[in-house]
Amino acid sequence: VTFENKWWFKVLVPFIGMFIILIYQLVVLLLRLCCCCCGNKKKSKVKKSKVKNGKKQDSSQVDQKTRVMTFMIKAFINIIACCYIMMTKAAMSIFSCFFPPGDDTGASYMVAQPSEPCWSEDGLQFALIAPAVIVIIAYSLGYPLALATMYHKNRHVIMRDQVLRAAGQGFTAKTNPDYQFRKRYGILYSYFKPSHYWWVLMFIGRKCLVCSFAVGLRNYPTFQLASMLLVMFCCLLIQVRQRPFMDTQERAELLIDLNTKKLAYANSLVVHMTVFAREHGQDLNKESRSLRKLRKKIADLEALIKSLRQNLLTHDSWWWNVNTLEELLSTGAVVLMLAGITFDTTYVNNSPNVRGVIAIVMVVLLSSMLVFYIMSFSHEYYNVSKVKKKLARVEWSKVKAWQIHNFQENQLANRKAIVPMGLAATFKTLEEAKVRKAQITSAGLNAASHVRIKKQESIKKEQKKKESWKGESAKILK
């Protein structure tokens, strides 16, 4: 097997995999058709749906086409993701050349194939430059650009689907309008928070930089390790700052935040509706249907938030979080690279005991990282049932809240005006403001009436004086 054949095989692995999967799907379809023709498969009722041109089409055939398309897209994404490092390194290895020591001719040779000269028109390296450039542009750079475009166009769909996933919903076409999108592209965003759905691009960028330094700086191992250490350390800082993975704790925090916003909005609506009813002289003990439904919604949200906070208190420790796993593994990679750089120092080169100690520490650290990864994987595998139980408790809290409002023995009690939690203080301040306003208006009315009474009294006194003067003048005239 020549180097050229191996290189072409590495580059064409995704296409070979997709060809095999396509053949597999065709074989499955042929087998199903044979089974249908032979009568081994029971006949099902055919539901026909209308098409734009007026014709009718079998809905089962549409479902079959959608299923095959979804399977092919998922397989293509998985193959591309698995082969990214291999194909990027294979394409970049064509441009990695070195100058042999003691050779004064100035000719360079390929690092991956030392017998092949570089930049020679008759050489293998020169013949593979064009395919390597195409692979780098179309695959190493085109793949993340295509993902970024897909993320940007479907960002609202992804965020909506992740909120459903955090609540443990949306696993059927009836409960999730984006069910087919989740089945096709869910592997690209399902592990992250709705605000960090694009985090796969961070992983791809890290892989691309590590491959570039690993291939381009192969003749300079110390500088190679230093460059890769810089990349890993920057990624570690961003990971610690953002914590993008969505584990049990992050799901509960996300749902609490969303339901708290809904509760605040519902409470503000209740306040405004109550103030409106008071200003228009309506009886507060006789609520409208909309206000009663709003109070029921508030009670349901309070029960849901209480259940989520209880789950947040009883969730797993910091050690078993996916974000913690990523942080610890990245920290171990940084320490290993730093230990590799120390082997190039004079002190370590001159002391074999120190080299042995560093090697033992590196082996222990690598083994502990592997053990911790296996333990986290097993814990995550066995924790699926616990997560389902917690989601079931949340759904049961919703059922209890519904029971309080909808059972016949509770409907009469719920017809009365009930102030939701957190609104008593607001109503108290409103009452005080109303009383103060009434006092001010009454005081103003009292002052005005007092002035008016004094004027009336002064007018009466003047009238009495005039009458008395008239009487006295009449007596004097007589």
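Keep in mind that what you see is a predicted model, and the values were worked out from it rather than measured. We count residues from 1, following the sequence as given.
A salt bridge is absent between Arg243 and Glu326: the closest approach of a Lys/Arg side-chain nitrogen to an acidic carboxylate oxygen does not fall below 4.0 angstrom.
Residue-environment remark: NZ (Lys193) exceeds the threshold of 12 foreign heavy atoms within 6.0 Å. Counting non-hydrogen atoms of neighbouring residues, nucleotides and ligands closer than 6.0 angstrom, the CZ atom of Phe343 exceeds 12 such neighbours. Atom CE of Met86 sits in a crowded spot, with more than 12 heavy atoms from other residues, nucleotides or ligands closer than 6.0 Å. A 6.0 Å sphere centred on CG of Asp122 holds no more than 12 heavy atoms belonging to other residues, nucleotides or ligands. In Phe372, the CZ atom is crowded: over 12 heavy atoms of neighbouring residues, nucleotides or ligands sit closer than 6.0 Å.
Atom-to-atom distance recorded for Leu366:CG and Leu370:CG is 7.0 Å, nearest 0.5 angstrom. Atoms CG and CD, from Leu254 and Gln249 in turn, are 12.5 Å apart once rounded to the nearest 0.5 Å. Atom CE of Met228 sits about 10.0 Å away from atom CD1 of Ile341, to the nearest 0.5 Å. Atom-to-atom distance recorded for Ser195:OG and Glu250:CD is 10.5 Å, nearest 0.5 angstrom. Atom OG1 of Thr331 and atom CG of Leu236 lie 4.5 Å apart (nearest 0.5 Å).
The backbone N or O of Lys306 lies less than 3.5 Å from no partner atom in the side chain of Arg309, so there is not a single donor-acceptor pair. Proximity of a side-chain donor or acceptor of Arg355 to a complementary backbone N or O of Asn349 within less than 3.5 Å is detected. Listed for the Thr345 side chain is a donor-acceptor partner under 3.5 Å among the backbone atoms of Thr342. The main-chain N or O of Val215 is found under 3.5 Å from a side-chain atom of Ser96 such that the two form a donor-acceptor pair. Judged by distance alone, with hydrogens and angles left aside, the side-chain atoms of Glu116 form no donor-acceptor pair with the main-chain N or O of Met110 at under 3.5 Å. Formation of a donor-acceptor pair under 3.5 Å by the Gln239 side chain with backbone atoms of Glu327 is not found in this model. In this structure, the side chain of Thr260 engages the main chain of Ile256 through a donor-acceptor pair within 3.5 Å. Judged by distance alone, the side chain of Asn259 and the main-chain N or O of Ile305 form no donor-acceptor pair under 3.5 Å. Distance alone, capped at 3.5 Å, is enough to place a donor-acceptor pair between the Ser268 side chain and the Tyr265 backbone. A donor-acceptor distance shorter than 3.5 angstrom exists from the side chain of Gln162 to the backbone of Phe192, with no hydrogens or angles considered.
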**OP:** Please assess Thr175 against Thr172 for the test side chain to side chain donor-acceptor pair (under 3.5 Å), listing each intermediate value before the final yes or no.
**Re:** CA-CA 6 Å; Thr175 58; Thr172 59; 2.9 Å; yes

**OP:** Give the intermediate values and the outcome of side-chain contact (heavy atoms from CB on, under 4.5 Å) for residues Trp319 and His379.
**Re:** CA-CA 11 Å; Trp319 284 100; His379 181 270; over 6 Å; no

Original post:
What's the verdict on side-chain contact (heavy atoms from CB on, under 4.5 Å) for Tyr191 and Met246, showing C-alpha distance, side-chain angles and the deciding distance?
Top reply: CA-CA 6 Å; Tyr191 303 104; Met246 189 171 66; over 6 Å; no

Subject >> Derivation and outcome, side chain to side chain donor-acceptor pair (under 3.5 Å), residues Asn5 and Thr2 >> reply: CA-CA 5 Å; Asn5 293 334; Thr2 61; 3.0 Å; yes

**OP:** List the steps and the verdict of side-chain contact (heavy atoms from CB on, under 4.5 Å) for Met375 and Val371.
**Re:** CA-CA 6 Å; Met375 292 173 62; Val371 170; 3.8 Å; yes

Original post:
Could you go step by step and tell me if Leu325 and Trp320 meet the side-chain contact (heavy atoms from CB on, under 4.5 Å) rule?
Top reply: CA-CA 7 Å; Leu325 175 64; Trp320 304 116; over 6 Å; no

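For the residue pair Thr70 / Gln180, a side-chain donor-acceptor distance below 3.5 Å is found, with atom types taken as modelled. No hydrogens or angles considered: a donor-acceptor pair under 3.5 Å links the side chains of Asn176 and Asp161.
At least one side-chain heavy atom of Ile21 sits under 4.5 Å from a side-chain heavy atom of Phe71. In this structure the side chain of Asp247 never reaches within 4.5 angstrom of the side chain of Arg251, judged on heavy atoms. A heavy-atom distance below 4.5 Å is found between the side chains of Leu201 and Tyr151. In this structure the side chain of Leu365 reaches within 4.5 angstrom of the side chain of Met369, judged on heavy atoms. The shortest side-chain heavy-atom distance between Lys183 and Ile73 does not fall under the 4.5 Å cut-off. Phe19 is not listed as a side-chain neighbour of Phe15, based on a closest heavy-atom distance of 4.5 Å or more. Between Gln125 and Ile94 there is a side-chain heavy-atom pair separated by less than 4.5 Å. When side chains are defined from C-beta on, Leu301 does not count as touching Ile298, because their heavy atoms never get closer than 4.5 Å.
For Leu255 against Ala166, the heavy-atom pair with the smallest separation is CD1-O, 3.6 Å. Among all heavy-atom pairs drawn from Arg206 and Ser330, the shortest one is NH1-OG, 4.1 Å. Considering every non-hydrogen atom in both Phe99 and Ser108, the closest pair reads CE2-CB, 3.8 Å. Closest heavy-atom contact between Pro14 and Ile79: CA-CG2, 3.5 Å. Residues Phe95 and Ala132 come closest through the heavy atom pair CE1-CB, 3.8 Å. Considering all non-hydrogen atoms of both residues, Ala75 and Met18 come closest at C-SD, 4.2 Å.
Ring-plane geometry between Tyr109 and Phe98 is classed as tilted, the angle between the planes lying from 30 to 60 degrees on a 0 to 90 degree scale. Using bins of under 30°, 30° to 60° and over 60° for the plane-to-plane angle, the ring pair Tyr139/Tyr84 lands in the tilted bin. Ring pair Tyr373/Phe377 is parallel by interplanar angle, where below 30° counts as parallel and above 60° as perpendicular.
Aromatic ring centres of Tyr185 and Phe181: separated by under 6.0 Å.
With a 6.0 Å cutoff to the six-membered ring centre and a 45° limit on the axis angle, Arg182 counts as a cation-pi contact of Phe171.
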